[in-house]
Amino acid sequence: MMYKYLKEEFKDNILIVTISKEESLNALNSELLEELNDYFTELADREDVKVVILTGAGKAFVAGADIKEMSELSAEEGYKFANKGMEAFFKIERLNKPVIAAINGFALGGGCELALSCDIRIASKKAKIGQPEVGLGITPGFGGTQRLPRAIGTSDAKRMIFTGEHVSADEAYRIGLVSEVVEPEELLDKALELANKIAKNSKIAVRYAKQAIDTGMQTDLNSGMDIERANFGLCFATEDQKEGMKAFLEKRSAQFNGK
Ligand code: CO8
């Protein structure tokens with residue numbers, strides 16, 4: 001399928017996806033949300049891709065949902081628009097491969113929520129992250145009230161959401177919203193370095209670990225342990241487990257085939 005706003009570059013099993021709608025700072029309109037949904041649906045079947053890096057073109061990662069489009073919505077249409085974003089972001093969160101958000105600039109509103117649906121976030125020193133929705137008379141609608149407190153705790157999440165203020169990359173690091181802050185010109189290299197570290201491991205073990213963490217975070221500890229136990233057991237039915245342990249015992253690097 002051809003995508004108008006999503007550009008991809010493939011490097012050694014790593015896919016870099018760039019949201020390219022610079023004239024509106026990559027604002028998420030319905031068309032772009034549908035593209036993200038379709039794109040990440042297709043990505044699930046791409047066995048050659050081990051890790052995805054998501055970034056934005058120009059000075060924004062994503063400056064939010066499209067305010068022009070939202071300004072005329074009725075209550076029912078607003079609900080549907082929120083649902084469209086949520087569906088797309090669930091596709092990203094539940095993708096069977098890790099997704100790294102490389103936050104190059106503004107990640108506001110829907111942009112912060114998009115980053116929150118990724119597995120790992122790293123930020124350029126230039127990044128500004130926030131949930132400014134209440135200043136527009138709305139609440140976050142693509143998962144911000146749910147994923148932000150889960151990611152950083154309620155006090156910092158409520159502070160960000162109630163004030164609507166942007167936080168700097170360093171502040172985002174301090175509150176645990178991003179796991180690394182890097183020089184702007186190094187952002188993609190650092191994201192690739194991280195992606196390569198993940199890609200050299202067993203793809204199937206990484207997939208099971210992602211699924212156990214994400215499902216477990218939605219449940220109580222005992223149920224989470226059930227998921228971990230089940231996935232751990234499943235690993236022993238894989239060729240990667242045999243290879244990983246054999247390679248260790250033979251003092252060589254493992255050559256995983258992802259099966
Ligand atoms: N939507 C539409 N257009 C946008 C958006 C946006 N979110 N952000 C920027 N643009 C456009 C501007 O209108 C401008 O267009 P034009 O050149 O035609 O006037 C162009 O992008 C460049 O922007 P600026 O000139 O404003 O650039 P600055 O560098 O001066 O400022 C900012 C950059 C600070 C990022 C500023 O553009 C800004 O504040 N943007 C809006 C940020 C924002 O409020 N985002 C949150 C939106 S609400 C949201 O995301 C809710 C998600 C859940 C929705 C649920 C649905 C019910």
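Every number for a ligand or one of its atoms is a count from 1 in the order of the listing.
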Return yes when at least one protein heavy atom is under 4.0 Å from [atom], and no when none is.
atom	value
atom 16 (P) of ligand 1	no
atom 36 (C) of ligand 1	no
atom 23 (O) of ligand 1	yes
atom 44 (O) of ligand 1	yes
atom 30 (O) of ligand 1	no
atom 48 (S) of ligand 1	yes

Between ligand 1 and [X], can you find any atom pair, the residue atom being a heavy atom, that is separated by under 4.0 Å?
X	answer
G78	yes
K128	no
Q131	no

Provide, to 0.1 Å, the distance between [atom] and the closest protein heavy atom, together with that atom's residue and name.
atom	value
atom 1 (N) of ligand 1	I67 N, 2.9 Å
atom 53 (C) of ligand 1	G141 N, 3.3 Å
atom 20 (C) of ligand 1	E23 O, 3.4 Å
atom 40 (N) of ligand 1	A63 O, 4.4 Å
atom 38 (C) of ligand 1	L108 CD1, 4.7 Å
atom 13 (O) of ligand 1	K68 NZ, 4.7 Å
atom 10 (N) of ligand 1	S24 O, 3.6 Å
atom 26 (O) of ligand 1	L25 CD1, 5.0 Å

With F236 via ring pair (Phe, Tyr, Trp, His ring centres under 6.0 Å) - residues at least two apart: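 If we apply the ring pair (Phe, Tyr, Trp, His ring centres under 6.0 Å) test to F236, skipping adjacent residues, the hits are F232.
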
Need the ligand 1 atom indices (1-based, order shown) with element for anything under 4.0 Å from a heavy-atom of [X].
X	result
M70	48 (S), 54 (C), 56 (C)
L136	44 (O), 47 (C), 48 (S)
K59	27 (O), 28 (P), 29 (O)
P132	43 (C), 44 (O), 45 (N), 46 (C)
E113	52 (C), 53 (C)

Nearest candidate to atom 34 (C) of ligand 1, where distance is taken over non-hydrogen atoms, out of F81, F106, Y79: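 Answer by nearest heavy atom: F106.
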
Nitrogen or oxygen of A65 less than 3.5 angstrom from that of ligand 1: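 Looking only at distances, the answer is yes, because the N/O contact criterion of under 3.5 Å is met.
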
Test: K128 cationic atom under 6.0 Å from F106 six-membered ring centre, within 45° of axis: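 No; the conditions do not both hold, so K128 does not lie above the ring face of F106.
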
For Y173, is the NZ or CZ atom of R121 found under 6.0 angstrom from the centre of its six-membered ring and inside 45 degrees of the ring axis?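 Because its charged atom misses either the 6.0 Å distance or the 45° angle limit, R121 does not stack over Y173.
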
Within a radius of less than 6.0 Å around CZ of R46, do more than 12 heavy atoms belonging to other residues, nucleotides or ligands occur?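 Yes.
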
Verify the neighbour count for atom CD of E76: are there more than 12 heavy atoms of other residues, nucleotides or ligands below 6.0 Å?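 No, the 6.0 Å shell around CD holds no more than 12 heavy atoms from other groups.
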
Say you draw a straight line from CG of D12 to CG of D48; how long is it, rounded to the nearest 0.5 Å?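 CG of D48 is found 11.5 Å from CG of D12.
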
Any salt bridge between K84 and E31, counting N to O under 4.0 Å?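 E31 and K84: not salt-bridged.
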
What heavy-atom pair brings D240 and S202 nearest, and what distance separates the two atoms?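 Smallest heavy-atom distance, with atoms named: OD2-OG, 2.8 Å.
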
Would you say the side-chain atoms of N26 pair up with the backbone N or O of F61, donor to acceptor, closer than 3.5 Å?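 Yes, N26 side chain to F61 backbone: donor-acceptor pair under 3.5 Å.
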
Is the backbone N or O of S20 less than 3.5 Å from a side-chain atom of T18, with the two atoms forming a donor-acceptor pair by type?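 Checking the backbone N and O of S20 against the side chain of T18, no donor-acceptor pair under 3.5 Å is found.
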
What about F81 and F142, are their ring centers closer than 6.0 Å?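 Ring centres of F142 and F81 closer than 6.0 Å.
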
Any side-chain heavy atom of D66 sitting closer than 4.5 Å to one from L28?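 SC-SC contact between D66 and L28 ruled out.
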
Any side-chain heavy atom of E8 within less than 4.5 Å of one from L15?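 Result yes, sub-4.5 Å side-chain heavy-atom pair found.
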
Residues that E186 engages under side chain to side chain donor-acceptor pair (under 3.5 Å), provided they are two or more places apart: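 Applying side chain to side chain donor-acceptor pair (under 3.5 Å) to E186 gives none.
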
